[in-house]
Peer 1: 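First the structure, then my questions, so here it is.
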Amino acid sequence: AHPAGQQDRRSGFRHQGQSNSKAGKNIRKALEVNPKFAPALRARARLLIETEQFQDAVATLQKLLYDNPTAPETLSMMAGGRLLLEDEKG
């Protein structure tokens, strides 16, 4: 059981209309074609956060920030991902 606030933060990362497995397959295909494709990397990070793989999500977001260190959406996701990672660690 997670505190209500933590659950609320996670809900903002939900994929609309796709199962996690289908979204994951589509993301993998896009990243095979272009490993630096920012929309696919952001989608991968969202999926990782949704499935509580916070460390992998933060690593994915770091890749995005390497190429574009001032991207507002990525910075916001990184802050949320790090917060959830810290919550997980206790």
Side-chain angles (χ1 to χ4, degrees):
H2 299 287
Q6 185 176 349
Q7 192 64 32
D8 289 345
R9 286 191 296 266
R10 286 191 189 128
S11 66
F13 295 107
R14 294 259 176 229
H15 290 276
Q16 297 296 322
Q18 286 191 30
S19 70
N20 286 347
S21 61
K22 183 175 180 180
K25 285 180 185 178
N26 291 336
I27 292 165
R28 276 191 299 280
K29 287 179 185 177
L31 292 173
E32 285 174 9
V33 173
N34 181 356
K36 291 188 172 191
F37 185 51
L41 286 169
R42 275 192 299 275
R44 181 177 191 274
R46 281 187 196 97
L47 182 61
L48 290 166
I49 289 170
E50 183 177 320
T51 57
E52 299 184 15
Q53 298 175 61
F54 306 126
Q55 191 167 357
D56 291 338
V58 168
T60 298
L61 292 165
Q62 286 173 333
K63 290 178 187 179
L64 279 163
L65 290 173
Y66 180 80
D67 288 329
N68 189 354
T70 60
E73 182 179 1
T74 306
L75 288 168
S76 175
M77 289 177 66
M78 177 64 90
R82 285 186 172 163
L83 181 62
L84 290 167
L85 183 59
E86 289 303 313
D87 284 351
E88 179 181 64
K89 290 180 180 178

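Because the structure is predicted, anything quoted here is derived from the model rather than measured.
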Peer 1: Rounded at 0.5 Å granularity, tell me how far OG1 in T60 sits from CZ in R46.
Peer 2: 12.0 Å
Peer 1: Which heavy-atom pair separates L85 from Q55 by the least distance, and what is that distance?
Peer 2: CD1-N, 3.8 Å
Peer 1: For P39, what residues pass the side-chain contact (heavy atoms from CB on, under 4.5 Å) criterion, not counting sequence neighbours?
Peer 2: F37, R42
Peer 1: Among residues at least two apart in sequence or on other chains, which ones pass salt bridge (Lys or Arg N to Asp or Glu O under 4.0 Å) with D67?
Peer 2: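 Salt bridge (Lys or Arg N to Asp or Glu O under 4.0 Å) list for D67, sorted by chain: K36.
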Peer 1: To the nearest 0.5 angstrom, please state how far the CZ atom of R44 sits from the CG atom of L61.
Peer 2: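 With rounding to 0.5 Å, CZ (R44) is 10.0 Å from CG (L61).
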Peer 1: Under the rule for side-chain contact (heavy atoms from CB on, under 4.5 Å), what residues qualify as partners of R28, not counting sequence neighbours?
Peer 2: K25
Peer 1: Show the nearest heavy-atom pair for residues A45 and A57, with the distance to one decimal.
Peer 2: O-CB, 3.8 Å
Peer 1: Verify, without hydrogens or angle tests, whether S76 (side chain) and P72 (backbone) share a donor-acceptor contact under 3.5 angstrom.
Peer 2: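 It does not hold such a pair.
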Peer 1: Might you point out which heavy atoms bring L31 and A40 nearest each other, and give the distance in Å?
Peer 2: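 So the minimum-distance heavy-atom pair works out to CD2-CB, 3.7 Å.
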Peer 1: First locate atom CG of L65, then atom CG of L75, and finally report the distance between them rounded to the nearest 0.5 Å.
Peer 2: 5.0 Å
Peer 1: Check whether any side-chain heavy atom of F54 lies under 4.5 Å from a side-chain heavy atom of I49, and answer yes or no.
Peer 2: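 They are in side-chain contact.
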Peer 1: Tell me every residue that passes side-chain contact (heavy atoms from CB on, under 4.5 Å) with A71, counting only those two or more places apart in sequence or in another chain.
Peer 2: N68, T74
Peer 1: Is there any salt bridge (Lys or Arg N to Asp or Glu O under 4.0 Å) pair reaching into residues 57-66, and which pairs are they, with sequence neighbours excluded?
Peer 2: none
Peer 1: What distance separates L84 CG from L48 CG, expressed to the nearest 0.5 Å?
Peer 2: 12.5 Å
